[in-house]
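First listed ligand is number 1; within each ligand, the first listed atom is number 1. Note that the structure is predicted; figures quoted are calculated from it, not measured.
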Amino acid sequence: MKKNSTVANTDLMQNITSLAKRRGFIFAGSDIYGGLANSWDYGPLGVELKNNIKQEWWRRFVQQRADVVGIDAALLMNPKVWEASGHLASFTDPLVECKTCHARLREDQLIDRTCLNCKGKDFTPTRQFNMMLKTYLGPSEESANTVYFRPETAQAMFVNFKNILDTNRPKLPFGIAQQGKAFRNEITPGNFVFRMREFEQMEIEYFVKEREWEKYFEHWLGEMKQWLKDLGVSEKKLHYVDIPDGERAHYSKRTVDIEYEYPFGQKELYGLAYRGDFDLKNHMQASGQDLRYTDTETQEKFLPHVIEPTWGVDRSVLVAMLEAYHEEDAPTAEEGESAKRVVMKFPAWLAPVKVAILPLSKKEELSKVAKPIFETLSKQFVCEYDETQSIGKRYRRQDEIGTPLCITVDFETLQDNAVTIRDRDTMKQERILVKDLAGEATKRLHV
Ligand code: ATP
């Protein structure tokens, strides 16, 4: 069997991008107008995949934990937030322009100070380029009305810290979580959804007593490892990089970048940082509000320290797709079909469609049985109903979108009230009574 490990790295990115477009996972943004550089739109399957990731994360880290609460804050915040957090002054990348081809590049990404575009070696002096996206509120474009799209979701958790203390009265350690869009005017976006200017994050600010930070840092590292395992990511492609002294932010005593071997190189997937009390301290000073926590036993007032695990949603989608992609020799290839079968082997919880209901023909006798099956099962699982094309082509399509179970309704069904259930990975088909379908699907999908 040919596995994705044998698919050349450059081909793999190409295969994923073209499958994403062909099957409706991810389209180029503003496509009919020639696109908008490096913007991407999630299609019908992509939005299911992305929502599965976001919903599982929310269930796991917010709803199923007594010590974490969620928020959903505004994208636009008072500019004073970004002044206090340091983003206005220093959320910058070093920008240079190639004097030969005028490409704008990140200086820290140059290899041997050579232009990635034309191999030129002459650059303008480095200038710090602020990555925050600016816009204006109100009917005039005056600097007084300037606001910024948030470059991260994290600051909203610090800004709402006092609200959460006042309303929830949580005891340390506790976390505030958020999912949502973030915007960065990246100098060099690219590699599909790896680096975009508009993307989504899932972040937790987990507040602890200072003396306990190491214990909870380890706890979140463990949670992130387990998450990656459940996402179907092979351990050998992951690297937990401890950022050495001198390269970390000055307030952080430990930062781990979780890197993944993408086809275009080993780069960041997620991050975990111990941020001390840097953020709360700055916001307390800048806002003039008392953000201290009161220990109910000792009545001591102090600023908690924080552990920040952060996940990129789009990079999660990309990695899930890269890991799921398999090419195998097809046991049976119909006319006009290639001899290889492409299968997205998503873990069942992640698959955008869980069950496909495929009547063998469009004849009414079959749809009379198949449609009620769809109606029943789709109350529990995301299902697809497809009666077009040959059954072989329909299986191919379902394999390519990673549907774990296909149910075929045929003419025998009319006699025996049974259907064929086909497993995506083994391709094994079994006959099963219609009345047992919901139970069987639940068992097989582990839901
Ligand atoms: P990088 O070094 O790749 O620029 P970063 O260290 O700036 O990333 P963080 O500020 O730690 O990233 O952001 C948290 C997470 O958000 C990252 O781990 C990543 O998953 C995601 N992320 C950051 N920038 C982008 C982007 N431009 N497009 C898509 N996802 C991103």
Side-chain angles (χ1 to χ4, degrees), residues 26 29 36-42 46 50 53-54 57 61 75 82 85-87 90-95 105-109 128-133 148-158 177-206 220-221 223-225 227-228 231 233 237-244 247-249 251-252 254-262 264-275 278-279 306-322:
I26 301 173
L36 172 70
N38 297 296
S39 72
W40 299 93
D41 292 345
Y42 283 82
K50 184 157 86 146
I53 290 172
K54 289 169 62 179
W57 187 92
F61 296 127
L75 289 178
W82 308 114
S85 67
H87 282 80
S90 57
F91 193 59
T92 55
D93 268 344
L95 171 73
L105 303 159
R106 259 171 70 174
E107 191 211 33
D108 56 333
Q109 288 179 343
Q128 291 304 320
F129 174 76
N130 194 297
M131 291 202 288
M132 288 213 288
L133 274 173
Y148 303 88
F149 284 102
R150 64 184 183 199
E152 59 173 36
T153 55
Q155 291 307 318
M157 270 83 90
F158 298 120
Q178 184 175 214
Q179 305 181 329
K181 287 265 165 116
F183 298 80
R184 294 180 187 180
N185 205 356
E186 297 275 2
I187 298 170
T188 49
N191 289 320
F192 197 31
V193 295
F194 174 78
R195 189 177 299 285
M196 300 187 288
R197 293 195 171 110
E198 174 184 343
F199 57 97
E200 258 182 289
Q201 292 183 318
M202 306 186 283
E203 297 192 294
I204 300 170
E205 302 305 329
Y206 196 74
W220 282 105
L221 196 54
E223 289 292 324
M224 295 179 99
K225 282 185 181 165
W227 167 267
L228 284 159
L231 197 66
V233 184
K237 290 239 171 99
L238 289 167
H239 301 270
Y240 294 84
V241 182
D242 250 290
I243 306 301
E247 286 178 36
R248 283 191 310 268
Y251 47 78
S252 176
R254 192 174 175 205
T255 298
V256 172
D257 279 356
I258 303 178
E259 299 185 347
Y260 176 79
E261 288 175 31
Y262 300 90
F264 44 86
Q266 182 180 319
K267 293 183 192 301
E268 180 167 326
L269 170 58
Y270 304 144
L272 177 62
Y274 167 48
R275 299 178 61 89
F278 176 78
D279 305 273
V306 74
I307 310 287
E308 180 186 79
T310 165
W311 290 252
V313 176
D314 311 274
R315 288 186 193 177
S316 304
V317 169
L318 176 59
V319 166
M321 290 189 78
L322 288 167

Please test Phe61 against Trp220 for ring-ring contact (aromatic ring centres under 6.0 Å, His included), starting from the C-alpha separation and ending with a verdict.
-> CA-CA 10 Å; Phe61 296 127; Trp220 282 105; 5.7 Å; yes

What about [X]: any of its N or O atoms under 3.5 Å from an N or O on ligand 1?
{"X": "Gln201", "answer": "yes"}
{"X": "Arg197", "answer": "no"}
{"X": "Trp311", "answer": "no"}

Identity and separation of the nearest protein heavy atom to [atom]:
{"atom": "atom 4 (O) of ligand 1", "answer": "Arg195 NH1, 2.7 Å"}
{"atom": "atom 29 (C) of ligand 1", "answer": "Phe194 O, 3.1 Å"}
{"atom": "atom 7 (O) of ligand 1", "answer": "Arg184 NH1, 3.0 Å"}
{"atom": "atom 21 (C) of ligand 1", "answer": "Gly312 CA, 3.9 Å"}
{"atom": "atom 28 (N) of ligand 1", "answer": "Met196 N, 2.9 Å"}
{"atom": "atom 14 (C) of ligand 1", "answer": "Thr310 OG1, 3.2 Å"}

For residues Arg248 and Thr255, report the shortest heavy-atom separation together with the two atoms involved.
->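 Residues Arg248 and Thr255, closest heavy atoms: CD-N, 3.5 Å.
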
Shortest non-hydrogen separation from Met224 to Pro309 and the atoms involved =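 Taking Met224 first and Pro309 second, the nearest heavy atoms are SD-CB, 3.9 Å.
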
If you draw the axis of the six-membered ring of Phe194, does the NZ or CZ of Arg315 fall within 45° of it and under 6.0 Å from the ring centre?
->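 The answer is yes; both the distance and angle limits are met.
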
Distance filter under 4.0 Å to Tyr270 heavy atoms, resulting ligand 1 atoms |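 In order of number, 18 (O).
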
Show which atoms of ligand 1 fall inside a sub-4.0 Å distance from at least one heavy-atom site of Glu186.
->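 Under 4.0 Å from Glu186, ligand 1 has these atoms: 24 (N), 26 (C), 27 (N).
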
Are [X] and [Y] close enough that some pair of their side-chain heavy atoms sits under 4.5 Å apart?
{"X": "Tyr260", "Y": "Leu228", "answer": "no"}
{"X": "Gln179", "Y": "Val313", "answer": "no"}
{"X": "Ile26", "Y": "Val317", "answer": "yes"}
{"X": "Met157", "Y": "Glu308", "answer": "no"}

Below 4.0 Å, non-hydrogen atoms only: which portion of [X] touches ligand 1? Side chain, backbone, both or neither.
{"X": "Glu268", "answer": "side chain"}
{"X": "Glu203", "answer": "neither"}
{"X": "Leu269", "answer": "backbone"}

Partner residues of Phe91 under the ring-ring contact (aromatic ring centres under 6.0 Å, His included) criterion, sequence neighbours left out =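 By the ring-ring contact (aromatic ring centres under 6.0 Å, His included) rule, Phe91 matches His87.
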
Say whether Glu152 and ligand 1 are in contact under the criterion: heavy-atom distance to a ligand atom below 4.0 Å.
->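 Distance cut 4.0 Å: Glu152 fails for ligand 1.
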
Has the side chain of Trp311 got a donor or acceptor atom that lies under 3.5 Å from a matching backbone atom of Ser316?
->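 No; judged by distance alone, with no hydrogens or angles, the pair does not exist.
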
Select the closest option to atom 26 (C) of ligand 1 among Phe199, Phe91, Tyr260, judged by heavy-atom distance.
->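 Among Phe199, Phe91, Tyr260, the closest heavy atom to atom 26 (C) of ligand 1 belongs to Phe199.
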
